[in-house]
Amino acid sequence: MEACVTPYPDNARKDEASREWKPFPERLNAVESYQEDTSEWKNHVSAYKRINKIIDSGRYRNIMDMNAGLGGFAAALESPKLWVMNVMPTIAETDTLSVIFERGLIGMYHDWCEAFSTYPRTYDLIHAHGVFSLYKNKCKAKDILLEMDRILRPEGTVIFRDDEDVLLKVKRFIEGMRWNVKMVDHEDGPLVPEKVMFAVKQYWVAGGKHNSTSPRS
């Protein structure tokens, strides 16, 4: 793990270079830029909770962030009741996996045009921030959605956060997969082009009727 931690530059101030790592969870916000990132994501997560009221209930224990950035989503959710796998897409413009490790979080690289290993677990909640914009010229949206369907547990939830035109295309595929879906405006208002979409995978029983669930509201 030490090889993955961002070293201080040679020209760092003496007080910075001599600073010891703080224990978790203090490490999450040990640097000012981390605090700003966490603050932004706490606002986003607060808006998520107004739509999906069971995020804090313990119902979601295994969570994935498909495009983790600095790990702000995981930091905003920080709780002993859950853990978050932070995924750094291999095609992302900026590689921030070392920052994720430095904050005391877990993470890995992955190309979402390929299958994701679900050993040893699948996921209750998946967060997809900008994933479909990132991959729109790399592979088909429906292939990514089918992979998400495979790794998401029955009655699990996906939170999509992306530009409206991208989400409308994704929404058509999701409705074809018979997931329940609800799109809402950005927390800063309807004029913001970025939107948020909640989708719940239905629970299907072989030879019988399915037990449908809807985005918790």
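Hydrogens, waters and symmetry mates are skipped; everything else that's a heavy atom, side chains included, is used.
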Working to the nearest 0.5 Å, report the span between [atom1] of [X] and [atom2] of [Y].
| X | Y | atom1 | atom2 | value |
| --- | --- | --- | --- | --- |
| Leu145 | Ile174 | CG | CD1 | 5.5 Å |
| Arg61 | Ile63 | CZ | CD1 | 10.0 Å |
| Ser133 | Asp165 | OG | CG | 7.0 Å |
| Leu82 | Ile55 | CG | CD1 | 10.0 Å |
| Asp65 | Ile159 | CG | CD1 | 10.0 Å |
| Asp143 | Glu114 | CG | CD | 10.5 Å |

With the side chain counted from C-beta on, respond yes when [X] and [Y] share a heavy-atom pair under 4.5 Å apart, and no when they do not.
| X | Y | value |
| --- | --- | --- |
| Met88 | Asp95 | yes |
| Met66 | Ile144 | yes |
| Arg50 | Ser46 | yes |
| Tyr135 | Ile91 | yes |
| Thr90 | His110 | no |
| Met85 | Val87 | yes |
| Val196 | Phe198 | yes |

Does [X] belong to the same Ile/Leu/Val/Met/Phe/Trp/Tyr cluster as [Y], with side-chain heavy atoms less than 4.5 Å apart forming each link?
| X | Y | value |
| --- | --- | --- |
| Leu77 | Ile54 | yes |
| Phe132 | Val192 | no |
| Leu105 | Tyr109 | yes |
| Met108 | Ile126 | yes |
| Leu146 | Val200 | no |

Might you point out which heavy atoms bring [X] and [Y] nearest each other, and give the distance in Å?
| X | Y | answer |
| --- | --- | --- |
| Tyr203 | Glu155 | CB-CG, 3.7 Å |
| Gly107 | Leu97 | C-CD1, 3.7 Å |
| Leu134 | Ala92 | CD1-CA, 4.5 Å |
| Met148 | Ala128 | CE-CB, 4.4 Å |
| Met197 | Val170 | CE-CG1, 3.9 Å |

Can you label the angle between the [X] ring and the [Y] ring as parallel, tilted or perpendicular, going by 30° and 60°?
| X | Y | value |
| --- | --- | --- |
| Trp112 | Phe116 | parallel |
| Trp83 | Tyr123 | tilted |
| Tyr48 | His127 | tilted |

Flag, side chain of [X] to backbone of [Y], donor-acceptor distance under 3.5 Å:
| X | Y | result |
| --- | --- | --- |
| Thr38 | Tyr34 | yes |
| Asn86 | Ile106 | yes |
| Thr96 | Gly69 | yes |
| Asp111 | Cys113 | yes |
| Lys201 | Leu152 | yes |
| Asn29 | Val31 | no |

Carboxylate-amine/guanidinium contact [X] [Y], below 4.0 Å:
| X | Y | value |
| --- | --- | --- |
| Lys195 | Asp162 | no |
| Arg153 | Asp124 | yes |
| Asp37 | Arg103 | yes |

key: Within 6.0 angstrom of Arg121 CZ, more than 12 heavy atoms from elsewhere   = yes

task = Decide if atom NZ of Lys138 counts as having more than 12 heavy atoms of other residues, nucleotides or ligands within a radius under 6.0 Å.
result = no

query = Hey, are Arg161 and His186 close enough side-chain-wise for a donor-acceptor pair under 3.5 Å?
reply = yes

key: Distance-only side-chain donor-acceptor flag, Asn52 / Tyr60, under 3.5 Å   = yes

request  = Walk me through it: do Leu70 and Trp41 pass the test side-chain contact (heavy atoms from CB on, under 4.5 Å)?
outcome  = CA-CA 10 Å; Leu70 299 179; Trp41 277 102; over 6 Å; no

ask   = Asp149 and Met177: side-chain contact (heavy atoms from CB on, under 4.5 Å), yes or no, with the steps?
value = CA-CA 9 Å; Asp149 180 74; Met177 295 162 64; 3.6 Å; yes

key: Chi angles and distances behind the side-chain contact (heavy atoms from CB on, under 4.5 Å) call for Met64, Ile151   = CA-CA 10 Å; Met64 174 189 288; Ile151 66 179; 3.9 Å; yes

request  = Output, in order, the C-alpha distance, side-chain angles, deciding distance and verdict of ring-ring contact (aromatic ring centres under 6.0 Å, His included) for Phe160 and His129.
outcome  = CA-CA 6 Å; Phe160 300 87; His129 175 219; over 10 Å; no

remark   = Between Glu175 and the options Arg178, Lys171, Arg172, the salt bridge (Lys or Arg N to Asp or Glu O under 4.0 Å) test singles out Lys171

